[in-house]
Amino acid sequence: AKGSVVTTPINSEDEAYDAPVSIGTPAQPFNLDFDTGSSDLWVFSSLTPSNERNGQNIYTASRSSTAKQLSGESWKISYGDGSSSSGLVYSDVVTIGGLTAAGQAVEAASRVSQSFTSESATDGLVGLAFSSINTVSPDQQTTFFDTVKPSLASPVFTADLKHQAPGTYNFGFIDKSAFTGSITYTPVDNSQGFWGFTSTGFQVGNNDFQQESITGIADTGTTLLLLPDDVVNAYYSSVNNAQNDQSAGGFTVPCDTSLPDFSFGVGNNGAMITIPGSLMNLGPSGSGNSCFGGLQSSGTIGTNIFGDVALKAAFVVFDSGSQGQPQLGWASK
Ligand SMILES: Cc1ccc(-c2noc([C@H]3C[C@@H](O)CN3)n2)cc1F
């Protein structure tokens with residue numbers, strides 16, 4: 001089997017990307033944030049207090065003839081920005097891009113934190129990291145990808161995110177028309193449940209390539225590219241009037257400045273993914289006439305995060321390992 005679904009930026013800053021998902025019988029429609037950095041599929045629901053909702057679509061299990069509550073099961077999750085949600089668990093039919101997962105764990109929110117309430121475009125998340133970090137307790141559940149994997153022509157999914165334009169998540173196949181050149185694969189360390197890999201280094205504009213092992217995760221649910229301070233300083237030291245503005249929350253640049261490209265190395269054959277300078281500006285920072293940089297410090301997070309700013313420049317293959325070893329494939333487009 002194969003699936004293909006269009007994913008769309010939720011705002012003019014490409015802050016996050018939503019895709020349509022159907023749950024239940026008859027189908028209840030949702031717009032969910034596909035997140036390769038977490039492993040819970042959760043939705044706003046009839047259990048979510050009305051004062052925590054803000055126009056989101058809600059899942060009502062009692063209206064689905066295929067919903068079954070997983071009794072005694074619950075979930076509770078928190079995200080990198082401190083937001084969180086929790087609730088109860090059902091199994092139900094979930095359809096994404098023509099691909100149907102029967103008996104998928106659907107986590108119904110009985111509470112959500114303020115940032116989810118105010119994100120009215122997002123009805124919940126589809127976690128696409130490894131099932132080893134699914135939060136359902138006492139019986140951990142599988143991600144949508146793991147649930148449908150046995151039926152897939154190939155045990156892969158791909159992410160093709162775009163700047164201010166619809167992109168695509170494909171399941172079970174690689175669309176050769178979606179990228180240029182060849183795909184460079186690199187091994188994945190999934191010991192922490194993430195799509196972890198090590199980049200071989202970086203390059204600012206047309207300067208020399210800086211060899212530096214940069215270990216991080218491919219995370220479609222994070223907006224920014226979060227890298228070590230030495231990389232971030234090397235980039236912004238090449239931008240006139242760039243400044244690390246704590247009131248803006250990080251590095252800002254003058255909005256009318258053309259920014260250098262930023263490239264990062266993947267694989268052991270010298271391949272690089274190049275983020276055009278235009279994509280390194282995320283728009284007004286909210287303070288002064290400065291704009292917020294797409295590259296920021298990973299600081300004290302404990303890992304580097306290749307979020308949407310980086311992923312937007314690539315066609316990315318999340319390969320759970322037809323040869324047993326999971327790997328990430330990177331291609332330009
Ligand atoms: C309101 C809101 C807040 C956070 C997130 C969110 N989704 O994925 C992630 C990153 C960080 C890491 O936790 C896993 N991937 N963050 C989505 C939201 F709609």
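Sequential numbering from 1 along the given sequence is applied to the chain's residues. Only heavy atoms go into these numbers, but all of them, side chains included; no hydrogens, no water, no symmetry mates. Just so we're clear, the structure is a prediction, and the values are computed from it rather than from any experiment. Order of listing sets the numbers, starting from 1, for every ligand and every atom in it.
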Requested in this report: Keeping to residues at least two apart or across chains, list the salt bridge (charged side-chain N to carboxylate O under 4.0 Å, His left out) pairs with something in residues 173-192.
Outcome: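 Residue pairs passing salt bridge (charged side-chain N to carboxylate O under 4.0 Å, His left out), neighbours aside: none found.
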
Query raised in the report: Are Asp160 and Thr168 close enough that a side-chain donor and a side-chain acceptor fall under 3.5 Å?
Result: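 There is no such pair (donor and acceptor under 3.5 Å, judged by atom type) between the side chains of Asp160 and Thr168.
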
Query raised in the report: Would Ser320 and Lys149 count as having a side-chain donor-acceptor pair, cut-off 3.5 Å?
Result: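 Lys149 and Ser320 do have a side-chain donor-acceptor pair below 3.5 Å.
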
Report task. Please work out which of the three classes, parallel, tilted or perpendicular, describes the rings of Phe251 and Tyr236, given edges at 30° and 60°. Result ->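 The rings of Tyr236 and Phe251 lie parallel, inter-plane angle below 30°.
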
Query raised in the report: Do other residues, nucleotides or ligands put more than 12 heavy atoms under 6.0 Å from Lys162 NZ?
Result: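 Counting other residues, nucleotides and ligands, NZ of Lys162 exceeds 12 neighbours.
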
Requested in this report: Using a strict 4.0 Å threshold on nitrogen-to-oxygen distance, state whether Asp92 and Lys68 make a salt bridge.
Outcome: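 Result for this pair is no, no salt bridge flagged.
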
**Report entry** Per-ligand residue contacts, ligand 1, heavy-atom threshold under 4.0 Å
**Finding:**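 Residues within 4.0 Å of ligand 1: Asp33, Asp35, Gly37, Tyr79, Gly80, Asp81, Ser83, Ser115, Phe116, Leu125, Asp219, Gly221, Thr222.
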
